[in-house]
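Structure first, then comments.
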Amino acid sequence: MAILVTGGAGYIGSHTCVSLLKAGHDVVVIDNFGNSYPEVLHRVEKIAGCTLINAPGDIRDREFVETVLKRYRCTSVIHFAGLKAVGESASRPLFYYDCNVVGTLRLLQAMRTAGVKKFIFSSTATVYGTPQYLPYDEKHPLAPESVYGQTKLAVEKMLEALRTADPEWSIAILRYFNPVGAHESGLIGEDPKGIPNNLMPILAQVASGRREKLTIWGNDYETRDGTGVRDYIHVADLADGHMAALKVLETAGCRTFNLGCGTGYSVMEVIRAFEHVSNRAIPYEIGARRPGDIGEFYANPVQAKEQLGWQATKDLRQMCEDMWHFQVKNPDGYNNSEL
Ligand code: NAD
Ligand code: UDP
């Protein structure tokens, strides 16, 4: 009896694998390492003090997934595998639909054949689109503007239809806000392949001298200091959210939860917090708004608190501290650092 974690070598998946192993679950990871490294799984094992099963492969390979589900007698699936770069999704829409939508379809088909009907899905706050009100609650209209967000919404709809057609399915759709931070050990964290697009990994690279400066994308938003506001959530809190969601899978249904802190911080506030914990000045310049960016959004996390008994516990200082610790221990990411 095991839990299959797709994308388990990735940023959020690896932290969730640590939580699962520490809670005593058997864990099987399917990852194609398109945006991660096998090394991550060794580090997960080191932190947890026990082993997991690494089944390298692609979720779009239905027969392979079915074999893995059966061989390891998996009882549920936590599905992180997917592509997540908003900008790239505009230039490579078919690639994104293939991986995120067709990939999830193949995975669900394999699950159905193997008789596994418990599923946790990584969705995103991006499905809400331009805020009609804030904080976003789960009933906020859904109008994603990016191709990435559209692929996530397509999967959400597929899951709702599946559950309507077959009431035995038990599904949790988790809409993450902005995951940041790293494991407190400094062994695992975010090390995207290629050039990072998100604020925190860029900040960590600027503070360490790996990049020259940060460009703030716009300081003329209607926010308290003009820079963009987001609901940052520590990746360890997010991992705990999956542990809480696993418990509600015991009863059938399709439920959706925001996983966020409920508090927004501006780019300037994040820069100041990062300067404080790293004790380094962060050089920055003001640039134009990033096309498609929303000025401000944050979560109403009450539903997760009431129904999952989960809420975020780590503050912005902790998020920056752990991010910085990972950067210092792994100055070139996973490539050249030792266990
Ligand atoms: P990540 O890129 O670090 O992890 C995704 C993992 O999936 C990687 O290890 C990658 O190699 C693997 N993968 C991708 N396509 C695959 C495929 N076809 N077959 C097998 N493995 C595959 O990303 P993350 O930040 O850990 O995000 C995990 C999930 O959460 C994604 O689905 C993402 O869309 C979603 N999400 C992320 C964020 C964020 O800001 N990090 C926010 C909201 C939602
Ligand atoms: N941001 C920025 N410079 C960067 C990267 C991000 O000013 O180099 C801003 C961005 O405009 C947004 C916030 O930081 O207001 C968070 O951006 P990120 O890409 O991390 O998250 P998302 O916009 O996808 O929620």
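Quick note: numbers below take in every heavy atom, side chains included, and nothing from hydrogens, waters or symmetry partners. Indexing begins at 1, ligand by ligand and atom by atom, following the structure's order.
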Check your understanding: Can a donor-acceptor pair be found between the side chains of Ser36 and Asp31 at a distance below 3.5 Å?
Key ->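 The criterion, which ignores hydrogens and geometry beyond distance, is satisfied for Asp31 and Ser36.
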Check your understanding: So does Arg210 have more than 12 non-hydrogen atoms from other groups sitting under 6.0 Å from CZ?
Key ->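 Atom CZ in Arg210 is packed in, count exceeds 12.
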Check your understanding: Can a cation-pi geometry be assigned to Lys193 and Phe33, taking NZ or CZ under 6.0 Å from the six-membered ring centre and within 45° of the ring axis?
Key ->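 That pair does not qualify as a cation-pi contact.
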Going by heavy atoms, is [X] under 4.0 Å from ligand 1?
X      : result
Ser123 : yes
Thr6   : no
Gly103 : no

Examine distances only and state if a side-chain atom of [X] and a backbone atom of [Y] form a donor-acceptor pair shorter than 3.5 Å.
X      : Y      : answer
Ser89  : Pro93  : no
Lys329 : Ser185 : yes
Thr6   : Ala81  : yes
Glu269 : Ser266 : yes
Asn32  : Gly34  : yes
Thr256 : Ile173 : no

With a cut-off of 4.0 Å, which atoms of ligand 2 are near a heavy atom of [X]?
X      : value
Ile202 : 8 (O)
Gly228 : 15 (O)
Asn178 : 21 (O), 22 (P), 25 (O)
Asn197 : 5 (C), 19 (O)

Should the proximity of [X] to ligand 1, defined as any heavy atom under 4.0 Å, be assigned to the side chain, the backbone, both, or neither?
X     : value
Cys99 : side chain
Phe33 : backbone
Arg60 : side chain

Name the option, out of [options], that contains the heavy atom nearest to [atom].
atom                    : options                     : value
atom 20 (C) of ligand 1 : Asn32, Ile78, Val180, Ile12 : Asn32
atom 14 (O) of ligand 2 : Val267, Thr215, Ile216      : Val267
atom 17 (O) of ligand 2 : Arg290, Glu296, Arg230      : Arg290
atom 16 (C) of ligand 2 : Trp217, Tyr284, Tyr232      : Tyr232
atom 40 (O) of ligand 1 : Gly8, Gly57, Pro179         : Pro179

If you measure every N/O of [X] against every N/O of ligand 1, is any gap under 3.5 Å?
X      : result
Glu190 : no
Ile59  : yes
Gly34  : yes

Point to revise | Joint hydrophobic cluster, Val248 plus Leu162, side-chain heavy atoms closer than 4.5 Å | key: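 Looking at the clustering, Leu162 is in a separate group from Val248.
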Do me a favour and list the nearest non-hydrogen protein atom to [atom] with residue, atom name and distance?
atom                    : result
atom 31 (C) of ligand 1 : Phe80 O, 3.1 Å
atom 3 (O) of ligand 1  : Tyr11 N, 2.9 Å
atom 24 (P) of ligand 1 : Lys84 NZ, 3.7 Å

Practice item. Check step by step if ring pair (Phe, Tyr, Trp, His ring centres under 6.0 Å) holds for His183 and Phe326. Key: CA-CA 8 Å; His183 191 264; Phe326 177 72; over 10 Å; no
Point to revise | Test of proximity, Leu214 against ligand 2: N or O pairs below 3.5 Å | key: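 No; the residue has no nitrogen or oxygen that sits under 3.5 Å from a nitrogen or oxygen of the ligand.
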Point to revise | ligand 2 contact by Tyr221, heavy-atom criterion under 4.0 angstrom | key: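 Contact absent.
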Point to revise | Point-to-point distance, once rounded to the nearest 0.5 Å, from NZ of Lys314 to SG of Cys320 | key: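 With rounding to 0.5 Å, NZ (Lys314) is 13.5 Å from SG (Cys320).
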